[in-house]
Visitor: 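Before we start, here is the structure in question, set down as structure tokens.
Naming: A, B, ... by sequence-line order, numbering from 1 per chain. Because only heavy atoms are used, hydrogens play no part in the values below, and waters and symmetry mates are left out as well, while side chains stay in.
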2 protein chains.
Amino acid sequence: MIEDDDRIRLSLTLALEDEGYTVHTAATAEEGLLRQQREPADTVLVDLMLPGIDGFQCIRELRRDDDVPIVVVSAREDTHDIVAALEAGADDYLVKPVAMKELSARLRALRRRARTGPAAPADQLRIGDLNVRAQAGEVLLRGQPLALTRTEFRLLCELAEHAGQVLSRQQLLERVWEYDFGDERLVDVHVGRLRQKIEDDPGTPARLVTVRGLGYKMPR
Amino acid sequence: MIEDDDRIRLSLTLALEDEGYTVHTAATAEEGLLRQQREPADTVLVDLMLPGIDGFQCIRELRRDDDVPIVVVSAREDTHDIVAALEAGADDYLVKPVAMKELSARLRALRRRARTGPAAPADQLRIGDLNVRAQAGEVLLRGQPLALTRTEFRLLCELAEHAGQVLSRQQLLERVWEYDFGDERLVDVHVGRLRQKIEDDPGTPARLVTVRGLGYKMPR
DNA sequence: GGCGATTTGTCACACAACTGTCACGGGTTC
DNA sequence: GAACCCGTGACAGTTGTGTGACAAATCGCC
């Protein structure tokens, strides 16, 4: 979030964190741009009236080398500003004061749309009530952390990252184990062990399902 | 554009055509959904208050088997409605009366985002109310996933890919089974099994019909 | 550096699902 | 009416998957 007003920044941050987001903040465009280069967020919220580089320029800079979803949150409600911001590369535009519910819904809609795009290696994936934090190396099921082994974790990440599509045992072997040969049954065993931990009823898997003859997948 | 108010529909259509869009219109959700199935548009504008099926349901139906960008244009400005529409699957929400410039800019932004979207849109085929998703390894009938076996799946893919044209048993044997000899009756059996799953009345096939003496086909 | 605990990979068995063949019967064509 | 085409149920053989047991490897901890 790039926003110079301390009060707004704080209240939005708190509200977003309540929704489960991890928020990084910056008070100026310069700071925000640098930050985005160092440790990229998967979505950017930006104000238009900023000291120094203004919001429009900031959006163009962000857009220049990044496909990250950008949402403008501004007090200016002029059609002209809205059009200019969207033309600059923003994906959405909300007028302050924003209803938190609406912001949250618009973020979800945008992220849903952006996700279907080129595999963005986001460090936090949500599949249903499963929350995979790749960087933190932890997985939360309904908010409760799970004790996964390293292999289970990597397997889950791989499946979660491609939620909705089937991954063959061969693909999983290559990506999780970095084998390009070897017994495919190995995958079965680990899938079984993973299921013991992430499924409510491991006998009838719901989160990690097998597609007979093809492989495994996690439904969206 | 799905919009029941004639005046709004006309004025929006004219304005959009000025911007270079080709616009198809429908006055009801039913008509719009049918239209979208027949000759899909690449973006859908939808009103919320419609006679018959309402806007929310319409969005869900559209979204069920299509990734098309959806923009809501509604007179209702309640946060609750906005959130509900976005949750149902809409990508953006504008409150009437809309500034044409803003609508246009939002459409451009959305289309820009959507285009960078689906990694491989080619692997999703739609034949009537049947939706074949190759990469997810699943087939949806009216939005409901079907449990097909590997052979059934490949058979269906082959037929769907050439919807409208007759495939001989020989061709199917070659393409699905990779046989270049063998009993052609094998195809019959699997077609029968497939019909049990995809036909409403397997006795009188509608989606997968036989062309006596030639083979099978799926009508468009 | 050693030791117990955990994790990992292999194997074998059991079971369920799928496949291909066949035979019968109804319908169609000539 | 005969020849042919097609749908379908039954069935046995095959394949794919889940799972428990076990030994080797690795890890964590003094």
Visitor: Between atom NE2 in A/H190 and atom P in C/dT7, what is the gap in whole Å?
Guide: 10 Å
Visitor: Considering just the side-chain nitrogens and oxygens of A/T210, establish if one lies under 4.0 Å of OP1 or OP2 belonging to D/dG16.
Guide: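 No.
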Visitor: Quickly work out the A/R150 CZ to D/dA25 C1' distance and round it to whole Å.
Guide: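 Atom CZ in A/R150 sits about 14 Å away from atom C1' in D/dA25.
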Visitor: How would you label the contact of A/G182 with the nucleic acid (heavy atoms, under 4.0 Å): base, sugar-phosphate, or nothing?
Guide: nothing
Visitor: Report the residue (A/K197 or B/A147) whose heavy-atom-nearest nucleotide on DNA chain C is the more 5′ of the two.
Guide: A/K197
Visitor: Taking only side-chain nitrogens and oxygens of B/R212, does any of them come within less than 4.0 Å of OP1 or OP2 of D/dC6?
Guide: no
Visitor: Please state whether the phosphate of C/dT8, meaning OP1 or OP2, lies under 4.0 angstrom from any side-chain nitrogen or oxygen of A/T151.
Guide: yes
Visitor: Measure CG/A/D188 against P/D/dT19 and give the value in whole Å, please.
Guide: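 From A/D188 CG to D/dT19 P: 10 Å.
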Visitor: Salt bridge or not between B/R175 and B/E161? Use side-chain N to carboxylate O under 4.0 Å.
Guide: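 No salt bridge links B/R175 with B/E161.
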Visitor: Take atom CZ of B/R154 and atom C1' of C/dC18, then tell me their distance rounded to the nearest Å.
Guide: 14 Å
Visitor: Expressed in angstrom and rounded to an integer, what is the separation of B/L148 atom CG from C/dA17 atom P?
Guide: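 The distance from CG of B/L148 to P of C/dA17 comes to 15 Å, rounded to the nearest Å.
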Visitor: Which part of the nucleic acid does A/V191 contact within heavy-atom distance under 4.0 Å: base, sugar-phosphate only, or nothing?
Guide: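 Nothing, no heavy atom under 4.0 Å.
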Visitor: Has the side chain of B/Q36 got a donor or acceptor atom that lies under 3.5 Å from a matching backbone atom of B/A41?
Guide: yes
Visitor: Would A/R106 and A/E102 pass as an ion pair if we require N to O under 4.0 Å?
Guide: yes
Visitor: Rounded to the Å, how far apart are A/L186 CG and D/dT17 C1'?
Guide: 14 Å
Visitor: If only side-chain N and O atoms of A/W177 are considered, is one of them under 4.0 Å from the OP1 or OP2 phosphate oxygen of C/dT8?
Guide: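 Indeed not, no polar side-chain atom of A/W177 lies that close.
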Visitor: Please state whether the base of D/dG18 and the side chain of A/R185 form at least one donor-acceptor pair under 3.5 Å?
Guide: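 When only heavy-atom distances are counted, A/R185 does reach the base of D/dG18 through a donor-acceptor pair under 3.5 Å.
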Visitor: Classify the nucleic acid contact of B/F153 as base, sugar-phosphate or nothing, counting any heavy atom under 4.0 Å across all strands shown.
Guide: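 Nothing, no nucleic acid heavy atom in range.
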Visitor: What's the spacing between B/L141 CG and B/E199 CD if we round to 0.5 Å?
Guide: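 Going from the CG atom of B/L141 to the CD atom of B/E199 covers 9.5 Å.
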Visitor: Rounding to an integer number of Å, can you tell me how far A/R169 CZ sits from D/dT15 P?
Guide: 16 Å
Visitor: Is it the case that B/R9 and B/T13 place a side-chain donor and acceptor less than 3.5 Å from each other?
Guide: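 No donor-acceptor contact under 3.5 Å links the two side chains.
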Visitor: Donor-acceptor pair under 3.5 Å: do we get one between A/R193's side chain and the base of D/dG18?
Guide: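 Answer no: no donor N or O sits under 3.5 Å from an acceptor.
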Visitor: Could you state the atom-to-atom distance from CD of A/Q196 to C1' of C/dT7 in whole Å?
Guide: 15 Å
Visitor: Does a side-chain N or O from B/Y216 land closer than 4.0 Å to OP1 or OP2 of D/dC6, or not?
Guide: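 False: B/Y216 side-chain N/O out of range (4.0 Å or more) of D/dC6 OP1/OP2.
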